Amino acid sequence: MEFICLRDQPFDPYAELSAFTALLDTERQNYGAESHFIGTMRNFNEGDAVSTLWLEHYPGMTEHEIARIVSEERKQLNFGPALVIHRIGKLAPGEPIVLIAVFSAHRRAALDGTQRIIERLKHEAPFWKKEHTPDGERWVASNTKG
Amino acid sequence: MEFICLRDQPFDPYAELSAFTALLDTERQNYGAESHFIGTMRNFNEGDAVSTLWLEHYPGMTEHEIARIVSEERKQLNFGPALVIHRIGKLAPGEPIVLIAVFSAHRRAALDGTQRIIERLKHEAPFWKKEHTPDGERWVASNTKG
Amino acid sequence: MAIRIRYFASLRETMGRTAEDINPEGIATVADLWKVLDEGRPLPDRVLCAVNQEHATPSTEVHDGDEVAFFPPVTGG
Amino acid sequence: MAIRIRYFASLRETMGRTAEDINPEGIATVADLWKVLDEGRPLPDRVLCAVNQEHATPSTEVHDGDEVAFFPPVTGG
């Protein structure tokens, strides 16, 4: 099972995880390991205060790219259910940007799956961030290596 | 900040994460990345159905070992707040055994921190599992590599 | 042939438009197409592209009815 | 000297006891101590040990008042 979605409103990552595992129901007992990553909007970047973040995306291609990444990594690592939620639109500091969750029988696939999905999402999924700082607006030029 | 605790009753990992981040309050905005691992009791192991798990530990040393692992990894990887909750006593399938959460400014420290804490906890913290299967009780001989 | 062009993020602002429909003649690849759009200038290294919503390269072929998008490096997650 | 001994998990069951207080003479290390406890047999490789609640090795010295624990490989997490 797999659930990928874009949200234009703030979301509670812990409530989403709780709802997702409720959906898995007794199937969850097959998965002894579960790994998550949450990326949250910070109130600073490259030394400047950031008050608002605007997340632009490519409707259609973005969802398709995330689904492709998850499906390729699942084939490689052999994990079970996966969840990816990503914000779009206008964000305030402290709001979650992305939530990734991967379930598997043993820990290696869940941990590696989460790590590889966030890494590939950051370099392959068509999202673009624009920051509002005291000096005005600016597009984020590129993602860090880690 | 750091919170390490052993529980002799079932716990809801998502509620624990939610409570922990509430404690972090506005400090959370310093941490753009957050990584979790949850280990859950499966209903099978090495081909056999497992109905109950008994987790024995070494009171005092166990907490001390987990705190040492977290503090050594924090020095190495330079992450922020961390949370470790581990069950002891009698568990049923589907119940969480361990929850690890690591917060950091950038993703690398949070992801690596989570991975290294669960790996070291499995090989250094004094816990022992006894499984109840249809053939009777057995001690788990050793942890898998991953 | 008929091509749907889309621009995103800083490139959308630089180009001053979100999308356009054009009917270029004598072009085979994404690189050819960009020259038509940008007054003969070559496709800059820092501009990425997609054809029909899949990542592409300057040498990817374009065909009648394709949707071709241009954008800067992605910064999600 | 006075030593507090603790056993855990399968080793606790094998030894048939959880803890004991002993007053051995002429011993210097954990390995020496085990021989006293197990009728002269050497400490098996698969038995791990801790001195004063920190991981130790067979050659770790023991002193008056120490707590020494023996246990099988750990299986938490």
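Below, chains carry the letters A, B, ... as their sequence lines are ordered, and counting in each starts from 1. Values below: every heavy atom of this structure, side chains too, minus hydrogens, waters and symmetry copies. Bear in mind the structure is a predicted one, so any value in this text is a computation, not a measurement.
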Between B:Pro96, B:Ala15, B:Pro13, B:Ser18, the one whose heavy-atom pairs under 4.5 Å with chain A are most numerous: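 The residue among B:Pro96, B:Ala15, B:Pro13, B:Ser18 with the greatest pair count is B:Ser18.
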
Largest heavy-atom contact set with chain A, pairs under 4.5 Å, which of B:Ile97, B:Ile118, B:Leu17: B:Leu17

Pairing residues for B:Lys122 by the salt bridge (Lys or Arg N to Asp or Glu O under 4.0 Å) criterion, not counting sequence neighbours: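 With sequence neighbours excluded, B:Lys122 shows a salt bridge (Lys or Arg N to Asp or Glu O under 4.0 Å) to no residue whatsoever.
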
List the residues meeting salt bridge (Lys or Arg N to Asp or Glu O under 4.0 Å) with B:Glu95, not counting sequence neighbours, and say none if there are none.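 B:Arg87.
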
Is there side-chain contact between [X] and [Y], with heavy atoms separated by less than 4.5 Å?
| X | Y | answer |
| --- | --- | --- |
| A:Thr40 | B:Arg28 | yes |
| A:Arg107 | B:Glu119 | yes |
| B:Asn30 | A:Asn43 | yes |
| A:Leu111 | B:Leu111 | no |

Part of B:Thr26 lying under 4.5 Å from any heavy atom of chain A: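 For B:Thr26, neither part sits under 4.5 Å from chain A.
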
With chain B as the partner chain, list the residues of residues 73-83 of chain A whose heavy atoms fall under 4.5 Å from it, by residue number, and write 'none' if nothing qualifies. none

Taking all non-hydrogen atoms of both residues into account, name the closest pair between A:Arg42 and B:Ala105 and its distance.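 Closest approach of A:Arg42 to B:Ala105: CD-O, 3.8 Å.
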
Point-to-point distance, once rounded to the nearest 0.5 Å, from CD1 of B:Ile38 to OG of A:Ser35: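 The CD1 atom of B:Ile38 sits 9.0 Å away from the OG atom of A:Ser35.
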
All pairs passing ring pair (Phe, Tyr, Trp, His ring centres under 6.0 Å) where residues 19-49 of chain B contributes a residue, at least two apart: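 Counting only pairs at least two positions apart or across chains, the ring pair (Phe, Tyr, Trp, His ring centres under 6.0 Å) contacts touching residues 19-49 of chain B are A:His36-B:His36, B:Phe20-B:Phe103.
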
